[in-house]
Amino acid sequence: MKHIVSIDDLNKEEIFNLFKSAKRIQWAPWLVRNYLKHKILSNLFYEPSTRTSSSFAAAMYNLGGNVISINDVNYSSVAKGENLEDTIITMACYADIIVLRTKNIGDARRAAELNQCPIINAGDGSGEHPTQTLLDLYTIYLEKKTIEGLNITFAGDIRNSRTIHSLSKVLEKYNNTCNYCETYEDMIPYIKESDVLYMTRVQRERGSTGNYELTKDHVLHLNKNCIVLHPFPEERVAIDTSAQDVKKMIKEVDAFLAE
Ligand code: NCD
């Protein structure tokens, strides 16, 4: 049974096949309208989500399938003390696939090891977020025509960002230069030579503090071909409102995410 718990669960060929399918679906969505007819996906979320849960639901509906949403487990039997294993075994009776977001690293692997139905990890605490990485990689591929040999700067809450953990894993594997910056000063030496600047928010719910702001000054120093990605959400302090070009790019990424 195939699970996607870590980005390491997909090899390069599988990633490129997914890119090809995404392109085909973008060009001819009517061809896949019934592709998942009579199939059911369960969104099982122990942590908040807007984009991830909605994009899985929208994708499922666009492919002719159905969705059972438990977007807040506090309104499920979890609130009565049911453990992860029993919840997964139960939901696998109703669904063909489970998209799981949990609070703890390793939960998605535990769920996958039950082998009840395929599990997609939509974030396990500060562990990994492989499907956000697919979207980030696809965006980089569309913009840069490659996912190899690039200079990528990660800025933000590196320790707690599961999106950075998955994306950096795969980029490092494919011979990219990755720079990791926790502060404003850290970013300066890398910003000129970066092909991609990847920012994340402060994960206050995991005990982090501080701010990671992309100011007009940063933008002026960016390489003119550099793209800026952010998985969202952001607190609307991360990007200086005068950095309009960057804001526009981020909105485009946002729209893409919502698709
Ligand atoms: C991220 C997440 O939940 O890991 N958002 C997302 O899924 N697009 C990023 C975050 O919460 O900072």
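Indexing begins at 1, ligand by ligand and atom by atom, following the structure's order. What you see below is based on every heavy atom in this structure, not just the backbone, and it leaves out hydrogens, waters and symmetry mates. For the single chain, residues carry numbers from 1 onward in sequence order.
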Could you list the atoms of ligand 1 found under 4.0 angstrom from a heavy atom of [X]?
X	result
R101	2 (C), 3 (O), 7 (O)
R201	10 (C), 11 (O), 12 (O)
H129	2 (C), 4 (O), 6 (C), 7 (O)
T52	6 (C), 7 (O), 8 (N)

Angle between ring planes, F154 versus Y180, binned at 30° and 60°: parallel, tilted or perpendicular?
parallel
Can you confirm whether the side chains of N43 and S53 place a donor and an acceptor under 3.5 Å from each other?
no
Would you list the atom pairs, donor with acceptor, under 3.5 Å between side chains in residues 95-103 and any protein atom, with sequence neighbours excluded?
from, atom 1, to, atom 2, distance (Å)
D96, OD2, I40, N, 2.7
R101, NE, A122, O, 2.8
R101, NH1, P48, O, 2.8
R101, NH2, T52, OG1, 3.2
R101, NH2, A122, O, 3.1
R101, NH2, H129, NE2, 3.3
T102, OG1, D107, OD2, 3.3
K103, NZ, Y46, O, 3.2

Please identify which of these residues, K2, K169, R109, meets the salt bridge (charged side-chain N to carboxylate O under 4.0 Å, His left out) condition with D9.
R109
Using a heavy-atom cut-off of under 4.0 Å, does the side chain or the backbone of R51 touch ligand 1, or both, or neither?
neither
Check Q132 against ligand 1 and report side chain, backbone, both or neither, counting heavy atoms closer than 4.0 Å.
side chain
D8/K173 ion pair, N-O < 4.0 Å:
yes
Closest non-hydrogen atom pair between S161 and T200, with its separation
OG-OG1, 2.9 Å
Just by modelled atom types, is the S21 backbone N or O under 3.5 Å from a matching donor or acceptor in the N17 side chain?
no
Side chain or backbone, does P233 bring an N or O within less than 3.5 Å of an N or O on ligand 1?
no
Any P231 heavy atom less than 4.0 Å from ligand 1
yes
Would you say T200 touches ligand 1, if touching means a heavy atom closer than 4.0 Å?
no
